[in-house]
Every structure is written in C-alpha cells, then in structure tokens.
There are 2 protein chains.
Amino acid sequence: MPGGRPRAFDPDAALDSALEVFWSQGYEGTAISDLTAAMGVNRPSLYAAFGNKEELFHKVLDRYMQGPGGFTSRALEAPRARDVVEGLLYGAVELTAGPGTPRGCLSVGCVQACGPEAEPVRQEVAARRKAGEAALRTRLERARDEGDLPGDCDPADLARLVTALTDGIAVAAAGGSSRQELLQLAGTALRMAFTPGPG
Amino acid sequence: MPGGRPRAFDPDAALDSALEVFWSQGYEGTAISDLTAAMGVNRPSLYAAFGNKEELFHKVLDRYMQGPGGFTSRALEAPRARDVVEGLLYGAVELTAGPGTPRGCLSVGCVQACGPEAEPVRQEVAARRKAGEAALRTRLERARDEGDLPGDCDPADLARLVTALTDGIAVAAAGGSSRQELLQLAGTALRMAFTPGPG
DNA sequence: CTAGTTTCTTACCGATCGGTATGTAACTTG
DNA sequence: CAAGTTACATACCGATCGGTAAGAAACTAG
C-alpha cells in the first residue's frame, strides 16, 4: 500500500537552505523562486512538503530557534545570573556576526515594519520575542529570590535591558559592525549591567 | 516663457505622507500604489516630482532625519555628556513609541536583511547610521577631554553602547512594547551607563 | 507484469510589481 | 485670441509575485 516515488531532497537540509535565504533576505525580500533555487527543490514539491510561504517560514523559524538561536534557552540554564546574561550577550554576537551565517538576526529583522501581507508573520515573531523576554524575566526573578542579583536590581528591568542590548547587537551586526566591535560592545554591556551602582 | 499648470498637491505634505507609509511598512513592504494613495498624487506625478522609488525614499530619509529624527543631532549639543545620552535615549522612546507616528524606527527597520533589489537602500541606511554613531563618538571624545566622562570610560565604547541601546529601544517598540515600558527601559539604561563602577 | 501511490517536471494562472507612453487640462506669456 | 509649458489622468508595458493544474516518472505491493 505505501511506497510512491522517493523524494529527491533531504527535508532538513532544504530547510537549512531556506533558513539561510530568509535570514539574509528577510521574509518580504525572499521570493519563492529564491527558495526553490537555494533548496534545490521544485516549486510544487516545496508547497507539497512545507506548505505555502508563511508555513515554510514558520518551520524555518522553529529551526532557527532550535539551531543557531538555541543559545538563548541554553543560556537561561546557567547557574548564576551573570552567566545567563553573559551567555545571551556573547551568544548574540556569535549569532549575528559569526562565520558562515548571514549578518543580523532573523527574529529582529522580521519584527520590523512590513507590508500588510507580511503582518501576520511579524505578529508571530513579535509574540515569540515577548515570550523570550518573559522567560528571561522569570529566570532573573528566580535569581533575585536566590540573592543572585544586586539588591536594587529589578528582574523585569534587567530583562528589558538585556533584551534591548542583544537586539542592539543584532542591529549593529546588520549595519556592518565587525565581530570585534560587537565583542567589545558585549563586554561593555556586561560590565555595565553587573556593576553594582550607588542606586 | 515660464508658467504651466500648477501642481495640485503640496510636495512637503506629500513627502510627509510618503514618510508615514515607509515608516509603517518599510521599504520593501511599500508599493508605489500605497504611496500614491496616501500622498493623493497620481503615479506619473509622483515620478515627475520625486523620481523613482529609491530616490523618493532618499528624500523621505532626509525628511525623517530632519523631522522626527532631528533629536539625534540636537541631543549632541547638550552641554554635559550625560544630558547627551539622556536626550538620545528618551528621544528614541518618543520617536519609536510616540503618539501619532508609526511604531519603530525607519532607519533601524531598513538596515535589516532585505532582498537584492533593496540592497542599495540598505547600504545607504547603514552608512548614515555609521555616521551617526561616529558623530556621537566624536561628541563623547570631546566630553572626555573636558573631564565630563567617568575616568575609565572609553568614548568609542560608550558610543557603541548608547547606539545599541537606542536601537534596542526601537526594536522593542516595533515588537509592541508600550511607551511606559520603554521609558522604564531608557531610565534603567541611563542610570547604568552613568553609574561609575569599580572598573 | 499491473495497480496504486507519491514525487517530480513543465507549464500555466490571475494579480501585482515598478515604471512609462499618450493625450488632455490648466496655467503664463505675447 | 494663439503659442508654449507644465502637470494632470488614463491606460498600458514587461517582469515578477505567490500559488497550482496536469501529466510523466519512480517507487511498493500484489
């Protein structure tokens, strides 16, 4: 009963190719023809395997967060709050200016202004980003309860600040800042965030 | 010899309408038909008055930096370095989450990944952003020479940091953070940037 | 082999993209 | 008035957009 012609491409590898295209060109800037060319998959096969452009992007976003963006969830598991933040800041540098991958961040790039057609995609990206910041806040609240945060430091404030910093790193990378500059920036940011001030 | 039929629209007002469309939809997400509808200008009149899409965007970008984004150059004129940074951070909040204007920042939005067709636009936006950060660095170098900066603070590092923070504010605004949250973020950032630490 | 199933290939769909040719309307000058 | 100039409005251009119909090709099951 089963059988049928075997597919001539590896779905995961094709998804990686699609990720690279979306990452470097954005959602609106990517045409189906760009995807089929990079994935080595014919147009109808793409639709059969991954759905339409929006569904494909959804799958790509999942793969992004589990692959290159996986450091965000791993960083939260660090034992000390400072290590959490350090992992996020330096992870953002490697993600957005690392070798072999496009500059910038897929998530940051796709939450920006877009045409009405891409608005649902933007909304979903925004929702995922909110969830990410909420997870960081929760982690920092735990740190506060464990006495792992400077006393006057509000977890929500720090989560907002670190999110803004990692996003700022992504924008700088997209704008052409070098990896060296970004590493310097991450260091400055980390020092600033964890320097206990007079209040 | 001169004369001719007078134009039926105000070029500056039309440019403001174009700015609003580009601001809320981005460069790639904006179609010429979106612009003509918002500007109240027919298609050939638009091309005659402002050139093609890319030239129009260039003019819009100028208007953006002189209008809503004008606070960036004004902030540099503040007498104390801390006031410069404060003006930039809170100005970014008003720009990206103020009333009556689209969320986010036109410049931050257009420096992100885009299709090959829009790459020249992205490059120009990136160049302008680099120039803006360089101007801030120059201003902070002057502050250092005047003893207006904490002793261990490198102007280039602080300029990078403040740029990343304002960009982070813009991304947060695009992602749906409220003006209140952004004001809180700006305050936290300012306090941390100008809290002299142990080094 | 044949029947059934799934994928690949080619070719196409209507809609929209950025940009323009063409003719007419509105104005200044003489 | 007529001549010259500029901007208006309609209609159109080829190219590309996202998405699909139809049939050939490659496999499994009997």
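Sequence lines set the chain letters: A, B, ... in the order given, protein chains first and strands last, and positions in each chain run from 1. Values below: all heavy atoms of this structure, side chains included; hydrogens, waters and symmetry mates excluded.
- The nearest whole Å value for the distance from the CZ atom in A/Arg43 to the P atom in C/dT10 is 14 Å.
- Atom CZ of B/Phe57 and atom C1' of C/dG18 are 16 Å apart (whole Å).
- Look at A/Ser33 and you'll find a side-chain N or O under 4.0 angstrom from OP1 or OP2 of D/dC17.
- Residue A/Tyr47 contributes atom OH, which lies 13 Å from atom C1' of C/dC13 at whole-angstrom precision.
- If you measure from atom CG of A/Leu35 to atom P of D/dC17, you get 11 Å, rounded to the nearest angstrom.
- Closest to the side chain of A/Lys53, from the set D/dA7, C/dG18, D/dG18, is D/dG18.
- Atom-to-atom, CZ of A/Phe50 to C1' of C/dT7 comes out at 13 Å; the value is rounded to the nearest Å.
- Between the CD atom of A/Glu117 and the P atom of D/dC17 there is a distance of 12 Å, given to the nearest Å.
- Note on A/Thr36: nothing from the nucleic acid sits closer than 4.0 angstrom, heavy atoms only.
- The shortest distance between the side-chain N/O atoms of A/Asn52 and the OP1/OP2 oxygens of D/dG18 is not below 4.0 Å.
- Panel note: side chain B/Asn52, backbone B/Glu54; a donor-acceptor pair is recorded below 3.5 Å.
- Residue A/Ala48 is classed as having no contact, given no heavy-atom separation below 4.0 Å to the nucleic acid.
- Comparing the helix axis at one end of the helix from C/dC1-D/dG30 to C/dG30-D/dC1 with that at the other, each defined from 5 consecutive pairs, gives an inter-axis angle of 0° (nearest 10°).
- A donor-acceptor contact shorter than 3.5 Å is absent between the side chain of A/Arg103 and the backbone of A/Ala97.
- Side-chain contact check for A/Ser45 and A/Arg7: no donor-acceptor pair (N or O, by modelled atom type) lies under 3.5 Å.
- Side-chain N/O atoms of A/Ser45 include none lying less than 4.0 angstrom from OP1 or OP2 on C/dT7.
- Note: CG (A/Leu46) to C1' (D/dC17) measures 15 Å, nearest angstrom.
- Aromatic ring orientation, B/Tyr27 versus B/Phe22: parallel (interplanar angle below 30°, classes split at 30° and 60°).
- Side chain to side chain, A/Gln180 and A/Gln184 fail the donor-acceptor criterion of an N or O pair below 3.5 Å.
- Of all nucleotides listed (D/dA21, C/dG19, D/dG19), D/dA21 comes nearest to the side chain of A/Pro44.
- Close to D/dA7, at under 4.0 Å from its OP1 or OP2, lies a side-chain N or O of B/Arg7.
- For the pair B/Arg5 CZ and C/dT24 C1', the interatomic distance rounds to 8 Å; values are reported in whole Å.
- The residues B/Glu133 and B/Arg137 are annotated as not salt-bridged, no charged nitrogen and carboxylate oxygen being separated by less than 4.0 angstrom.
- Counting non-hydrogen atoms under 4.0 angstrom, A/Ala8 reaches the backbone sugars and phosphates but no base.
- If you check D/dC17, C/dC8, D/dC27 against the side chain of A/Pro6, the one that comes closest is D/dC27.
- Comparing A/Glu54 and B/Val41 along DNA chain D, the residue whose closest nucleotide (by nearest heavy atom) sits nearer the 5' end is B/Val41.
- Listed candidates were D/dA9, C/dT10, C/dG18. Nearest to the side chain of B/Asn42 is D/dA9.
- When distances run from any side-chain atom of A/Ile32 to the nucleotides C/dG19, D/dG18, D/dT6, the shortest one goes to D/dG18.
- In A/Glu141, the CD atom is crowded: over 12 heavy atoms of neighbouring residues, nucleotides or ligands sit closer than 6.0 Å.
- Across all their heavy atoms, A/Ala170 and A/Val108 have their closest contact at CB-CG2, 3.9 Å.
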